[in-house]
Amino acid sequence: MPLLLHNSLTRRKERFEPIDPAHVRMYVCGPTVYDYAHIGNARPVAVFDVLYRLLKRLYPKVTYVRNITDVDDKIMAAAKESGEEIDSITVRTARAYHEDMAALGALPPDIEPRATQHIPQMIGMIGTLIAGGHAYVAEGHVLFAVATKSDYGKLSGRSRDELIAGARVEVAPYKKDPADFVLWKPSAPDQPGWDSPWGRGRPGWHLECSAMSAEYLGESFDIHGGGHDLIFPHHENEIAQSECAHGGKRFVGTWVHNGFLVVNGEKMSKSLGNFFTVRDLLARAPGEAIRLLLLKTHYRAPLDFSDEGLRQAKGELDRFYTALRASADIEPEGGETPTGVMDALEDDLNTPLAIAYLHEMAGDLNSATDAAMKRRSKANLLYGARLLGLFATTPGEWFRWQPAGAATVGETEIESRIAARVAARKAKDFKEADRIRDELKAMGVMLEDGPKGTIWKRVG
RNA sequence: GGCCGGGUAGCAAAGUGGUAAUGCUCGGGACUGCAAAUCCCGCAUACGCCGGUUCGAUUCCGGCCCCGGCCUCCA
């Protein structure tokens, strides 16, 4: 079946038709690096990682660009508050971001451009916009003239008049039109800035994505993604800048936006202070459990984050890894993504349905009676998970995971106690055997007696 | 107010014009010294409300209610 994606521009699920089937190009808005990523920031990373994997399966070449915003007023504010140098903050935070996203099993993008390294491209684009009559200089600022883009508002579904009517902020006096937005703004001597034809200054937020996507993906490309909240004004303004700078050429074919992650029904955000960083969560659950949690809900639906949800996601992976561990000696047969999983993902990234198939396959594997069936169902489970980026670890590693700061007991110690228990059981001293089992359980180690002997796992 | 997403069993979460996947929870059984894991069976009379179209709607259309988001930095 063809790949279907919900396009925010048409508000419909439509067949994905790449501009060049030989080379699919995707841009996703990345982080502003001034603080650790929270779980809400991680949702688009997980979602677009699945899309990236799927596209790579479907097309010979895919270029995935995700930017890093390293010049921004929030970064400047963070530097002022802590006294840490801006460069130090952005480098350190970007590194932490990479670590956290890797822990979630996300593949790195092909290109990860930084705003500060593309100032000339941005200045060039502003020049083009001014020359084309789409931008003007006012009091050291360069502003985009919204009135020059007749279809401005097509993505967010709002007219220029509505924007002005709904505006809740004071309009800067130098704007010709209240809806105009900043392309370039002047920097004070103590603020980061670059020389430009309009004086020393820095770019407006929307501009970097237009300049960098053009640099690496061309004036028109296939998919642009990000969180739902970016539709307005960020993506709307990107369209305006890019299309006006490129002679009206269509900027992006398919806009994909993920829904919000909420906590207790409320939006999670840094400004509300009700957020969990990925870092904190990784101390409480394996990264893959966080990833599964993010993919268990369809990407466009709201996702209510909770400890119970995280616990359940961990439990589901326990089930999968239990099945894999029990079939460790089975050689998987066949290497195809199962049709159910493939169809689900091609239908607008239906990850919850794909995961449901995974559960059925785990059941098939557990209940398989003959070797051929086992080989086949193990292959289905393994290859089904691959596009979702799951089962990145081995059952052995998975069952060794424990939360940070947990009471711990060494593996040799565990083995020797198990040996003592085996001896006790052999001697029919079940009281002693149960005592050892309870003792280990108190230390977070669960025992399972099976035909092949006793195995153990750590539990969170 | 405008725009967008959502409202499915105890929880989570898919989906469909002909009485609805999957996982967890729960009950029974098998296995086990007992457990755990696994398997088998079962469970609940689950589709926000009101109309309309239809032989038939949870699914299509209209209206309404509720939750959340955007309209200001934000994934």
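Every chain is numbered from 1 and lettered A, B, ... according to where its sequence line falls, protein lines coming before strand lines.
- The partner of B:rC70 is B:rG2, by the rule that a Watson-Crick or G-U pair needs both atom distances under 3.5 Å.
- One interatomic measurement links the two molecules: CG of A:Asp318 to P of B:rA36, which rounds to 15 Å at whole-angstrom precision.
- Taking only distance into account, the side chain of A:Arg425 meets the base of B:rG33 through a donor-acceptor pair shorter than 3.5 Å.
- Within 4.0 Å of A:His228, counting heavy atoms only, lies at least one base atom of the nucleic acid.
- Atom pair A:Tyr299:OH and B:rA14:P shows a separation of 12 Å (rounding to whole Å applied).
- The base of B:rC73 does not come close enough to the side chain of A:Asp72 for any donor and acceptor atom to sit less than 3.5 Å apart.
- A distance of about 14 Å separates the C1' atoms of B:rA9 and B:rU58, rounded to the whole Å.
- Residues A:His38 and A:Phe276 place their aromatic rings such that the two centres sit no closer than 6.0 Å.
- Under 4.0 Å is where a charged nitrogen must lie from a carboxylate oxygen, and between A:Glu316 and A:Lys296 at least one such pair does.
- For the C1' atoms, the distance from B:rC73 to B:rA37 is 50 Å, rounded to whole Å.
- Taking atom P on both nucleotides, B:rG29 is separated from B:rA35 by 11 Å, rounded to a whole Å.
- Taking atom NZ on A:Lys296 and atom P on B:rC11, their separation rounds to 14 Å, with Å as the unit.
- Across all strands shown, A:Gly450 has no heavy atoms under 4.0 Å from either base or sugar-phosphate atoms.
- A:Ser327 places a side-chain N or O within 3.5 Å of a backbone atom of A:Leu324 that can act as its donor or acceptor partner.
- At B:rC4, one or more side-chain N or O atoms of A:Arg11 fall inside 4.0 Å of OP1 or OP2 (strictly under the cut-off).
- Residues A:Met446 and A:Asn41 each lie close to RNA chain B; by heavy-atom proximity, the contact nearer the 5' end of the strand is made by A:Met446.
- Comparing the same atom, C1', in B:rG7 and in B:rC43 gives a spacing of 25 Å after rounding to whole Å.
- Regarding A:Met268, its CE atom lies at a distance of 14 Å from the C1' atom of B:rG69, rounded to whole Å.
- Nucleotides B:rU59 and B:rG68, compared at atom C1', are 24 Å apart to the nearest Å.
- For the C1' atom pair drawn from B:rU22 and B:rG18, the interatomic distance equals 23 Å after rounding to whole Å.
- With distances taken from any side-chain atom of A:Pro352 to the nucleotides B:rG68, B:rA14, B:rG33, the minimum falls on B:rA14.
- For the pair A:Arg437 and A:Asp434, the salt-bridge criterion is met [side-chain N within less than 4.0 Å of a carboxylate O].
- Residue contacts shown for A:Arg12 are absent, as no nucleic acid heavy atom lies under 4.0 Å away.
- Taking a pair to require two hydrogen-bonding distances under 3.5 Å in either a Watson-Crick or a G-U wobble arrangement, B:rG33 remains unpaired.
- Distance CG (A:Leu292) to C1' (B:rA12): 11 Å, rounded to an integer number of Å.
- As rounded to the nearest Å, B:rA30 and B:rU45 have P atoms that lie 28 Å from one another.
- Note on A:Leu447: a base of the nucleic acid sits closer than 4.0 angstrom, heavy atoms only.
- Contact annotation for A:Gly226: backbone-only contact, meaning every heavy-atom pair under 4.0 Å involves sugar-phosphate atoms and none involves a base.
- Counting any heavy atom pair closer than 4.0 Å across all strands shown, A:His298 reaches sugar-phosphate atoms only and no base atom.
- Aromatic ring centres of A:His235 and A:His257: separated by under 6.0 Å.
- Computed from coordinates, the A:Leu353 CG to B:rU16 C1' distance equals 12 Å when rounded to whole Å.
- A donor-acceptor contact under 3.5 Å is formed by the side chain of A:Arg437 with the base of B:rC34.
- Each of A:Asp304 and A:Ser367 has a nearest nucleotide on RNA chain B; the 5'-most of these lies closest to A:Asp304.
- Under 3.5 Å, the side chain of A:Glu316 and the base of B:rG23 form no donor-acceptor pair of N or O atoms.
- One N or O donor and one acceptor, one from the side chain of A:Asp434 and one from the base of B:rG33, sit under 3.5 Å apart.
- Distance, A:Asp364 CG to B:rU38 C1': 14 Å, rounded to whole Å.
- Less than 6.0 angstrom separates the ring centroid of A:His359 from the ring centroid of A:Phe320.
- Taking the six-membered ring for Trp and thresholds of 30 and 60 degrees, A:His141 and A:Tyr174 have nearly parallel ring planes, at less than 30 degrees apart.
- There is no side-chain donor-acceptor pair under 3.5 Å between A:Asp222 and A:Tyr27.
- One interatomic measurement links the two molecules: CZ of A:Phe305 to P of B:rA13, which rounds to 13 Å at whole-angstrom precision.
- Among the protein residues, A:Leu358 comes within range of no part of the nucleic acid, since none of its heavy atoms lies under 4.0 Å from any strand.
- Closest to the side chain of A:His6, from the set B:rU22, B:rG23, B:rG5, is B:rG5.
- The side chain of A:Asp449 approaches B:rA35 more closely than any other nucleotide in the set B:rA35, B:rU22, B:rA37.
- No engagement by A:Arg43 is indicated, since no non-hydrogen atom pair under 4.0 Å with the nucleic acid exists.
- Regarding contacts with the backbone of B:rU38, every side-chain N or O of A:Asn366 stays at 4.0 angstrom or more from both OP1 and OP2.
- Phosphate proximity of B:rA13 to A:Thr297: present, with a side-chain N or O under 4.0 Å from OP1 or OP2.
- Summarising the base pairing, B:rG42 is matched to B:rC26 through a Watson-Crick or G-U wobble pair whose two defining distances lie under 3.5 Å.
- Not a single donor-acceptor pair under 3.5 Å links the side chain of A:Asn258 to the backbone N or O of A:Tyr299.
- Set against B:rU22, B:rG33, B:rA37, the side chain of A:Arg421 has B:rG33 as its closest nucleotide.
- In this structure, the nucleotide among B:rG5, B:rG68, B:rU22 sitting nearest to the side chain of A:Ala356 is B:rU22.
- B:rA46 and B:rU19: their P atoms are spaced 15 Å apart (whole Å).
- For B:rG51, the paired base is B:rC61 (Watson-Crick or G-U wobble, both distances below 3.5 Å).
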